[in-house]
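The sequence lines fix the lettering, A, B, ..., with proteins before strands; numbering per chain opens at 1.
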Amino acid sequence: MEFAYEVAVDAPLATTLTYGQPNGRIEPLPVGCCVRVPLGGRRVVGFVLGPAESDSPTFTVKPILELLDDFPVFPPELLPFYRWVARYYHHPLGEVLRTALPMVPTSRRKTRVQAKMVETLVPGSDLADYLHSSQKGDELIALLQQERSYVLKKAEQKAFRLFLAQYFSQERQPVMRAQLNRLYPGAGPRLDRLVALNILQQTRVRVFRDPFGDPPQLQPKPDQLTVEQRQVMDSLLPAVDSASFVPFLLHGVTGCGKTEIYLRSVEHVMHLGGTALVLVPEIALASQMEAHFHSRFGEQLAVLHSGLSEGERFDQWQRVLDGSARVVLGARSAVFAPLLRLGIVIVDEEHEPAYKQEDGLRYNGRDLAVLRARMAGCPVLLGSATPSVVSYHHCQEKKYRLLTMHHRVANQPLPRVEIVDLAGSQRSRPDLSFSDQLINALADTLERRKQSLLFVNRRGFSSSMLCRDCGAIVQCKHCQVSLTLHRGRNILLCHYCGYSRHPDAICPTCGSTRISGVGIGSERIEEEVRQLFPQARVARLDSDTTSNRKHYLATLKAVREHQVDILIGTQMIAKGLHFPDITLVGVVWADSGLGMPDYKAAERTFALLSQVTGRAGRGWDPGLVIVQTYQPHHYSICLAQQHDYPGFFSREIAIRAPLHYPPFTRMINIRFSGLDEDRVRAAAVQVAECIRHHRWADKMELLGPSPSPLVKIKDKTRWQLLLKSEHQAVLHAVCDEILARKRQLCPAAVTMGFDVDPENMM
DNA sequence: AGCACGCCGACT
DNA sequence: GTCGGCGTGCTC
């Protein structure tokens with residue numbers, strides 16, 4: 001066999017495999033092309049990584065079955081990056097590539113995404129000869145009829161004139177047939193005759209499906225930067241010019257104008273002829289960022305996020321691959337985009353947990369963005385109003401350079417934050433979730449014809465259903481979690497697997513009928529608000545009401561046009577939206593996250609409160625934030641009230657140091673799951689035993705094995721094993737060893753997976 | 001992951 | 001006697 005290739009296949013294999021040249025093909029295959037290969041009696045998708053190691057194989061090399069596309073789906077320059085990802089996350093390279101290249105056909109999915117072509121018309125050879133003498137329809141028709149021996153019918157003349165008008169108005173670009181048919185519904189057969197007469201010529205051109213449904217609102221470029229913005233640019237631009245890896249953390253209060261910093265840095269890179277990668281936590285949710293970048297970079301911009309259809313995503317990817325788009329704006333998976341000559345990498349809201357993918361390849365988009373910048377040799381800019389504790393710590397250790405912006409753009413003051421102790425305060429409506437302060441503030445805001453925003457941590461009506469006789473909580477039959485009452489849809493819903501059932505009023509354990517809901521959800525808050533203020537116009541935004549993007553955008557529009565007085569929502573309203581008329585923000589239960597068994601609980605609470613706080617007072621009115629909590633003295637809540645990030649950071653770091661939590665250690669969570677409870681536990685115990693006997697066991701801490709906080713999800717029992725160490729290399733060596741001995745330690749019926757740098761321990 | 005191979009219970 | 005249960009192991 002002449003050529004042999006290293007191929008990563010779409011299967012959970014630890015190694016890459018060797019395949020031979022496809023039968024009947026002579027030219028070698030390019031690196032990065034997508035192929036179909038035989039694997040153990042089936043046919044799977046694979047990626048050509050390059051020529052195979054040349055030492056004589058001990059196995060029979062099978063030939064590649066077919067080439068799926070003759071162009072590469074990723075540039076060879078990015079292969080080292082993809083390989084590093086596979087090694088770092090202890091994940092099969094083939095699956096890394098499948099995650100990274102979302103439009104590629106998988107072994108399971110049969111349908112393939114294709115380039116979209118449209119039928120177009122250009123002048124035919126007979127017409128082209130006359131276009132020099134005239135461009136007027138009637139004259140051309142006369143000329144053509146005179147010189148040739150045919151007569152054009154009225155309708156054909158009409159179609160012809162229409163074509164000419166379009167052709168010249170769009171600067172001699174091919175004219176879409178569909179466009180002519182829209183203007184003149186009977187055009188079809190007439191155009192066919194014109195094509196037959198060689199007056200017109202039929203062509204097909206590639207079109208890029210447009211992800212910007214409505215062209216985003218044009219955002220003007222400000223003439224001037226603030227003093228702080230100029231100082232930040234003065235630090236950033238030399239780093240961009242130096243074309244070397246320099247990591248920056250930009251800590252700037254909400255409304256300080258970070259977006260303009262991003263835009264100008266990217267503009268600078270564009271002038272230097274480079275490319276730029278910009279990550280945002282969740283672009284699907286109508287972020288202003290998309291509008292800004294589209295206004296500034298137009299055709300140069302590609303967007304990559306989950307809100308795109310497969311076809312749109314394919315087109316955007318192709319535009320990046322062929323170099324016609326040089327700025328990529330996208331959610332975490334955009335970190336794999338095939339950009340070459342990177343000049344800058346930007347991560348907005350770098351602290352957001354949304355950067356962490358929580359299934360399959362559990363990567364962190366923010367961390368990989370830093371890695372890409374390192375490998376490409378360019379600066380990386382991490383921006384946040386509430387930086388992650390880990391990133392800020394890197395600044396203190398002089399690994400990152402800290403840039404700080406203290407002032408909001410128009411020098412608006414930050415809103416006043418009032419904390420209300422839910423346990424200690426007198427309440428005139430103890431039956432509701434509102435303190436008197438919040439009720440009064442809502443009433444006052446309504447009266448002043450301003451808008452209020454109420455933030456609730458959970459969706460649904462009641463978070464769980466409790467039997468008042470036996471104390472049992474109604475649970476999902478596939479997951480060991482409580483079902484949430486959704487009154488609007490009249491169901492009990494599992495937020496983990498989506499199972500739903502009718503909310504019948506009989507306790508499944510004791511048969512009692514005294515069952516009632518406990519815990520507050522957004523649906524219930526909505527009902528309470530309607531009861532308190534029947535005259536107010538109320539809207540709710542959470543993932544229940546947002547299953548379609550249209551409804552989400554419509555609600556935002558209604559809020560912007562002041563057709564809503566009180567907006568109620570979950571996490572998703574904490575980000576991005578800023579409307580000048582929102583002067584009151586209420587947080588119904590601020591400490592709900594502090595009870596979680598999770599070392600990041602305080603960090604998340606601080607970030608969430610700061611973020612929600614930033615929604616108030618974006619107009620002239622400074623705004624008021626009312627935070628209801630049972631823990632009014634908790635440092636994450638008090639320091640958020642004072643807008644004191646450095647204060648929060650030092651308190652948090654003082655707690656984490658003695659407990660050996662990140663940033664003082666690195667962690668890897670090893671997760672086990674399977675249908676057979678006993679075997680899942682046994683596997684976890686076996687692996688733990690193996691780790692305890694590892695030669696570097698004294699250089700790490702092992703917590704567990706223990707059942708996961710959510711023991712059972714979708715009928716699968718889950719156990720976990722947490723590894724902590726100051727030395728990252730130790731953790732990786734242990735994982736490699738476990739993977740090598742997986743056969744003996746873990747039966748096939750139990751799936752084992754690594755969560756490197758876990759964000760969420762549930 | 002998925003498919004083949006292999007070793008023990010109830011069927012024509 | 002065999003058909004098929006799923007537990008185990010491998011895939012270039």
Side-chain angles (χ1 to χ4, degrees), chain A residues 1-25 28-29 31-68 79 82-83 86 89-102 104-111 357-363 670-684 686-687 690 713-718 738-755:
Chain A
M1 213 159 289
E2 323 169 52
F3 297 113
Y5 301 98
E6 182 188 15
V7 175
V9 293
D10 180 20
L13 301 182
T15 60
T16 55
L17 302 178
T18 305
Y19 288 91
Q21 180 77 357
N23 292 330
R25 189 189 160 103
L29 298 175
V31 172
C33 72
C34 192
V35 292
R36 201 181 302 284
V37 293
L39 179 72
R42 65 206 166 105
R43 312 161 88 239
V44 297
V45 169
F47 302 94
V48 172
L49 306 181
E53 306 269 327
S54 50
D55 45 321
S56 58
T58 57
F59 45 80
T60 38
V61 174
K62 294 182 187 173
I64 288 168
L65 296 170
E66 59 174 321
L67 182 61
L68 292 175
L79 193 51
Y82 298 139
R83 285 197 201 265
Y89 289 108
H90 302 278
H91 206 81
L93 183 55
E95 290 192 1
V96 169
L97 289 168
R98 191 185 1 92
T99 312
L101 317 169
V104 142
T106 65
S107 303
R108 303 198 61 188
R109 184 159 45 92
K110 257 282 138 72
T111 56
Q357 172 132 68
E358 290 291 1
D359 58 289
L361 171 66
R362 294 173 167 259
Y363 67 98
I670 309 177
R671 327 165 120 255
F672 302 85
S673 78
L675 296 170
D676 186 334
E677 217 175 298
D678 296 334
R679 296 174 67 179
V680 172
R681 189 193 348 93
Q686 280 262 304
V687 171
C690 166
I713 298 290
K714 293 182 196 170
D715 294 320
K716 286 185 174 169
T717 300
R718 297 138 44 92
I738 292 167
L739 224 40
R741 299 178 52 191
K742 192 179 171 196
R743 277 293 118 66
Q744 315 142 43
L745 298 168
C746 183
V750 178
T751 44
M752 178 179 73
F754 299 96
D755 192 353

Which residues pass the side chain to side chain donor-acceptor pair (under 3.5 Å) test with A:Ser673, not counting sequence neighbours?
A:Thr751
Report the C-alpha separation of A:Glu6 and A:Glu53 in whole Å, then their side-chain angles, then the decisive distance to 0.1 Å, and conclude whether the side chain to side chain contact (heavy atoms under 4.5 Å, CB included) test is met.
CA-CA 8 Å; A:Glu6 182 188 15; A:Glu53 306 269 327; over 6 Å; no
Between C:dT8 atom C1' and A:Gln744 atom CD, what is the distance in whole Å?
14 Å
Using a 4.0 Å heavy-atom cut-off, does A:Pro38 contact any base of the nucleic acid, only the sugar-phosphate backbone, or nothing at all?
sugar-phosphate
Would one find a side-chain N or O of A:Arg679 under 4.0 angstrom from OP1 or OP2 of C:dC6?
no
Parallel, tilted or perpendicular: which one describes the rings of A:Tyr89 and A:Tyr363, with boundaries at 30° and 60°?
perpendicular
Integer-rounded Å distance: C:dC12 C1' and A:Leu17 CG
5 Å
Rounded to whole Å, NZ of A:Lys62 lies from C1' of C:dT11 at a distance of 7 Å
Select base, sugar-phosphate, or nothing to describe what A:Thr16 touches, counting heavy atoms under 4.0 Å on all strands.
nothing
Rounded to whole Å, CZ of A:Arg42 lies from P of C:dT11 at a distance of 13 Å
To the nearest 0.5 Å, tell me how far A:Glu358 CD sits from A:Asp755 CG.
6.0 Å
Could you tell me how far apart A:Arg98 (CZ) and B:dG2 (P) are, to the nearest whole angstrom?
10 Å
Atom-to-atom span, CG of A:Leu675 to C1' of C:dG7 - whole angstrom:
14 Å
For A:Leu39 and C:dG9, give me the distance from atom CG to atom C1', rounded to whole Å.
13 Å
Rounded interatomic separation in angstrom, taking OH from A:Tyr19 and P from C:dC12
5 Å
